[in-house]
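Take a look at the structure below.
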Amino acid sequence: MIELRHVGKTYTTPTGPLPVLIDCSTSVARGEVVVVCGPSGSGKSTLIKCINGLEPFQQGEILVDGISVGDPATNLPRLRARIGMVFQHFELFPHLSVTANLMLAQQQVLGRSAEAARERALALLQRVDLYAHRDKHPAQLSGGQQQRVAIARALCMDPIAMLFDEPTSALDPEMIGEVLDVMVQLAHDGMTMICVTHEMGFARKVAQRVVFMDGGRIVEDAASEQFFGQPASARAQQFLSRILR
Amino acid sequence: MNGLFSLGSLGNIDFSFFNWLLVRDFLLQGLLFSLALTAIASIGGLLLGTLLAIARLSQRRWLSALSAGYVNGMRSIPLVMVILWFFLLIPLIIGQPIGANGSAVITFTAFEAAYFAEIMRAGIQSVSPGQRAAALALGLTPTQSLRRVELPQAIRNMLPVLLTQTIILFQDTSLVYAIGAYDLLKGFDTAGKNFNRPVEAFLLAALLYFVISFSLSSCVRRLHARCSQSGSQSLSLTHGTSP
């Protein structure tokens, strides 16, 4: 469903070109859950932002459901509407109520009526157990609640796949569980997911595959039992021993 | 009363000419024009200024440069000169006279747009880039993101500054005396000449401008305080609802 072929990205800086992604190739099948991990600065976030075209890339090709993301002729807004994305800092719209956050893109992008959008929004708020908070504004919610609203907001668009960019990194430890529970549930429901995360417990529990990145390259791309059991590369071994301790 | 103002020409101060008839005959029309000019120029200036701000922040370099040129140009010329120039130029451009009032409305809208543009530019930049990323990720176009996500937050963040600029605009409307438009100050001026009490008339004019501007800026201060208070309130709620 999602295919990356030799993706490369380079920033031009005053001191010369700075490669951030080098020859990254992998693919994610329908219903598959893939965790992307690696040390900070390894290009994980940049890689998943390339998948929905939030970050441009210069080399290679990314196909989502057969549509090329990098092709200038591609209708990016239409493609993005089909891929849900959850951000590290939630990025709920602070001037809108929780329900309005969930309704905005349904009406603006999918052209749903206010009633249809509200109905879908409230159903998803129920699913993430935040129906009672539907009329509040984001600032009145805890971080964990905000992230669950953000997941619901993405799900309102009936996406074919979900991208998670460090969804629990900005949360207090006691709130990580409630967000991961929603993600685990989503994985069990068969959603195609790519998650950049350091939550190795989550990776072990639901990921079929783990992609390990370092220095802008995909160093290891393995089934999750294999990755956690016997990582092939020395860098991954080192990373795992440090993060699992 | 006389003893209080016994020094020099101040001894002749006399406000007895000031009554309701004078307000009706000389001031009301001017006051309405000043308020209308303020309202039209602030709304028009905000709309035009927002477009200028968007152009300024555009990736297209020529568009950004055009907007920057307009904004910096307007902000570098004294308002009185702009008022005079527009008064002389607009009839030449459109080929017919439009009168002092129409000219004033166009001039103030065009002039204030430059100031509102800078405020809105700061406002748009005050919205975190993540908001745009989230809007785009949901499938909104860049234009929809601006309109539905970034601009509402920009205006809310900048509301106190926008209102303060509007108060300054109200005071600046008095400069239309340069082209002979009949505004509030002109009303006082005319009344003062009619009753041969120019000093008293201008004193009253200053008092009225002060009362209007000061009470408006008090409102802005209160609004500002309420905004930051509700901000801290929602902050404390965040902690309160933490499980």
Side-chain angles (χ1 to χ4, degrees), chain A residues 48-49 51-55 75-96 100-111 132-133 136-146 150 153-154 156-157 159 162-163 165 170-172 174-175 177-178, chain B residues 46 50 58-61 119-120 122-162 223-243:
Chain A
I48 74 161
K49 282 179 182 153
I51 294 173
N52 65 355
L54 281 184
E55 287 275 2
N75 184 336
L76 266 185
R78 185 175 296 179
L79 181 66
R80 286 175 183 142
R82 302 174 63 205
I83 312 169
M85 184 153 197
V86 175
F87 296 84
Q88 182 177 359
H89 296 288
F90 331 134
E91 303 299 351
L92 295 178
F93 306 134
H95 59 300
L96 299 175
N101 260 279
L102 270 64
M103 289 169 65
L104 178 69
Q106 292 190 65
Q107 292 181 264
Q108 296 292 318
V109 179
L110 303 180
H133 301 279
K136 289 188 179 168
H137 274 67
Q140 294 169 281
L141 301 179
S142 72
Q145 291 170 330
Q146 288 190 53
R153 181 175 69 177
C156 277
M157 306 296 284
M162 288 281 285
L163 308 174
D165 185 9
L171 295 174
D172 290 341
E174 76 265 25
M175 292 175 195
E178 59 185 272
Chain B
L46 181 61
T50 303
S58 162
Q59 302 288 334
R60 296 188 189 96
R61 207 165 290 172
I119 297 172
M120 286 309 292
I124 293 169
Q125 285 176 327
S126 76
V127 179
S128 93
Q131 290 284 304
R132 185 182 184 79
L136 295 182
L138 283 165
L140 270 69
T141 62
T143 312
Q144 285 175 323
S145 166
L146 250 176
R147 204 177 138 204
R148 304 282 169 180
V149 175
E150 293 163 81
L151 284 181
Q153 295 183 57
I155 288 182
R156 223 171 51 161
N157 293 350
M158 289 294 130
L159 201 57
V161 189
L162 290 170
L223 180 88
H224 194 53
R226 221 176 56 186
C227 280
S228 37
Q229 199 181 24
S230 74
S232 65
Q233 220 166 38
S234 50
L235 208 73
S236 66
L237 259 171
T238 306
H239 294 295
T241 51
S242 299

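Throughout, protein chains are lettered first and strands after them, A, B, ... in sequence-line order, and every chain is numbered starting at 1. Small disclaimer: the values here were computed from a predicted structure and weren't measured.
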Discussion item. I need the residue from B/Arg156, B/Arg148, B/Gln153 with the largest number of non-hydrogen atom pairs under 4.5 Å to chain A.
Written reply: B/Arg148
Worksheet, complete the sentence: Heavy-atom nearest pair, B/Leu140 first then A/Ala105, reads CD1-CB, 3.6 Å
Discussion item. Tell me the closest heavy-atom pair linking B/Ala137 and A/Met85, and the distance in Å.
Written reply: CB-CB, 4.0 Å
Once you round to the nearest 0.5 Å, how far does [atom1] of [X] lie from [atom2] of [Y]?
X	Y	atom1	atom2	answer
A/His95	B/Asn157	NE2	CG	10.5 Å
A/Arg153	B/Leu138	CZ	CG	5.0 Å
A/Arg80	B/Thr141	CZ	OG1	10.0 Å

Worksheet item: Which of the residues A/Leu79, A/Asn52, A/Leu92, A/Asp172 is involved in the greatest number of heavy-atom pairs with chain B at under 4.5 angstrom?
Response: A/Leu92
Response to the item:
Looking only at A/Ala154, A/Gly53, A/Ala81, the option with the highest number of non-hydrogen pairs under 4.5 Å against chain B is A/Ala81
For [X], is it the side chain, the backbone, both, or neither that has a heavy atom closer than 4.5 Å to a heavy atom of chain B?
X	answer
A/Pro159	neither
A/Phe93	both
A/Leu110	neither

Worksheet entry | Main-chain N/O of A/Gln108 paired with B/Gln144 side-chain donor or acceptor, under 3.5 Å | yes
